[in-house]
Amino acid sequence: MVTVTLDTNLFYDAAHDREGCSDFWKVLDLARGSEIAVCYTATTDFEVQDDDVMRLITRLRMEGILHEDPNAGTQRDYMPGGPGLRPLNDGEIDAYVEKVWPNATVLGFSYESKRQDVCHLVAHQRNGRDIFLTRDGELLSKRNLIKKLLGITIVSPPELLASLREGGAKIICG
């Protein structure tokens with residue numbers, strides 16, 4: 001079975017009926033039909049400051065179609081009682097940020113977001129998942145580089161759905 005890590009932005013899209021959320025619901029229907037398994041990393045709990053998004057995540061977990069994976073990060077990212085932690089120190093996180101976004105500056109507005117993206121990607125890799133699913137244009141534009149660095153396949157929901165219609169995720173996963 002193909003395992004898919006869902007990026008946090010997909011939960012926001014779905015909870016607030018944003019553009020692209022219909023594909024998110026189709027992906028979840030595939031999970032309900034046991035065609036794929038969908039996961040998220042515990043880091044999401046630290047990022048989400050939106051009650052509607054947390055209700056959606058909780059509902060999907062209670063339904064049994066969304067599975068929580070250990071996050072990657074520093075000890076300050078550890079959630080007692082959560083699924084665990086894939087240790088990653090600040091230097092490792094910053095090194096990946098520098099490799100993927102060489103022009104990013106520590107004082108830049110989105111630097112912390114890039115650090116969180118790195119934690120999600122490393123958690124995805126260390127949890128042994130197949131596909132990282134996102135609508136984040138920045139991550140999608142860097143997918144070839146990220147594939148070389150971490151061996152991660154990054155796709156958008158429409159790409160995943162098209163691949164599965166064409167005969168399976170092996171088209172995407174290689």
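- Residues forming a side-chain contact (heavy atoms from CB on, under 4.5 Å) with M1 (at least two apart in sequence, or on another chain): S34, A37.
- Between the side chain of T58 and the backbone N or O of M54, at least one donor-acceptor pair lies under 3.5 Å.
- No option in I57, V53, D51 other than D51 meets the side chain to side chain contact (heavy atoms under 4.5 Å, CB included) test with R55.
- Summarising the geometry of G73 relative to C119, their closest heavy-atom pair is CA-SG, 4.1 Å, with the distance given to 0.1 Å.
- Minimum heavy-atom separation, V122 to A72: CG1-CB, 4.0 Å.
- Contact check for D117 versus V97: no side-chain heavy atoms found under the 4.5 Å cut-off.
- Separating the CD1 atom in I93 from the CD atom in E112 is a distance of 8.5 Å, to the nearest 0.5 Å.
- Here L6 contributes atom CG and L60 contributes atom CG; the two are 8.5 Å apart, rounded to the nearest 0.5 Å.
- Using a 4.5 Å heavy-atom cutoff, the side chains of L133 and P157 are in contact.
- Take K99 and apply the side-chain contact (heavy atoms from CB on, under 4.5 Å) test, not counting sequence neighbours, and it matches L149.
- Remark: Y96 engages no residue in a ring pair (Phe, Tyr, Trp, His ring centres under 6.0 Å) (not counting sequence neighbours).
- At most 12 heavy atoms of other shown residues, nucleotides or ligands fall within 6.0 angstrom of atom CD in E98.
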Before you tell me yes or no, could you show the steps for K142 and W101 under side-chain contact (heavy atoms from CB on, under 4.5 Å), namely the whole-Å CA-CA distance, both residues' side-chain angles and the distance that decides it to 0.1 Å?
CA-CA 9 Å; K142 300 282 188 172; W101 297 280; 3.9 Å; yes
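- The CD1 atom of I146 sits 7.0 Å away from atom CD1 of I152, with the distance rounded to the nearest 0.5 Å.
- R143 places a side-chain N or O within 3.5 Å of a backbone atom of L140 that can act as its donor or acceptor partner.
- Judged as a side chain to side chain donor-acceptor pair (under 3.5 Å), and not counting sequence neighbours, S113 has no contacts.
- With sequence neighbours excluded, the residues satisfying side chain to side chain donor-acceptor pair (under 3.5 Å) with D29 are R32.
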Check step by step if side-chain contact (heavy atoms from CB on, under 4.5 Å) holds for I154 and D136.
CA-CA 10 Å; I154 299 174; D136 183 325; over 6 Å; no
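- Applying the salt bridge (charged side-chain N to carboxylate O under 4.0 Å, His left out) criterion to E35, with sequence neighbours excluded, gives no partner residue.
- Minimum interatomic distance between P158 and D23 (heavy atoms only, all atoms of both residues): CG-OD2, 3.2 Å.
- Using a 4.5 Å heavy-atom threshold, the side chains of Q116 and T8 count as separate.
- For C39 against L66, the heavy-atom pair with the smallest separation is C-CD1, 3.9 Å.
- Aromatic ring orientation, F132 versus H120: tilted (interplanar angle from 30° to 60°).
- The distance from atom CD1 of I131 to atom CD of E159, rounded to the nearest 0.5 Å, is 10.0 Å.
- Side-chain contact check for S163 versus V155: every heavy-atom pair is 4.5 Å or farther apart.
- One finds no salt bridge joining D69 and R86 here, because no Lys/Arg side-chain nitrogen approaches an Asp/Glu carboxylate oxygen to under 4.0 Å.
- The shortest non-hydrogen separation linking C21 to A14 is CB-CA, 3.8 Å.
- Shown here are the side-chain contact (heavy atoms from CB on, under 4.5 Å) partners of P87, two or more places apart in sequence or in another chain: there are none.
- Applying the side chain to side chain donor-acceptor pair (under 3.5 Å) criterion to D13, with sequence neighbours excluded, gives R135.
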Between L139 and D7, does the side-chain contact (heavy atoms from CB on, under 4.5 Å) criterion hold? Intermediate values first, please.
CA-CA 10 Å; L139 285 177; D7 195 3; 3.7 Å; yes
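- T5 pairs by the side chain to side chain donor-acceptor pair (under 3.5 Å) definition with H124, not counting sequence neighbours.
- For the residue pair T134 and N9, a side-chain donor N or O sits within less than 3.5 Å of a side-chain acceptor on the partner.
- For K114, the salt bridge (charged side-chain N to carboxylate O under 4.0 Å, His left out) partners are E138, not counting sequence neighbours.
- Taking CD of Q125 as the reference point, atom CG of L150 lies at 5.0 Å (rounded to 0.5 Å).
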I'd like to know whether H67 forms a side-chain contact (heavy atoms from CB on, under 4.5 Å) with V38, so could you lay out the CA-CA distance, the side-chain angles of the two residues, the decisive distance to 0.1 Å, and finally the verdict.
CA-CA 6 Å; H67 310 282; V38 291; 5.5 Å; no
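- Within the 4.5 Å cutoff, the side chain of Y111 has no heavy atoms near those of the L107 side chain.
- Scanning for side-chain contact (heavy atoms from CB on, under 4.5 Å) contacts around R59 gives W25, L56, with sequence neighbours left out.
- To the nearest 0.5 Å, atom CE of residue M62 and atom CD1 of residue I65 are 13.0 Å apart.
- Between the side chain of N89 and the main chain of G91, a donor-acceptor pair closer than 3.5 Å is present.
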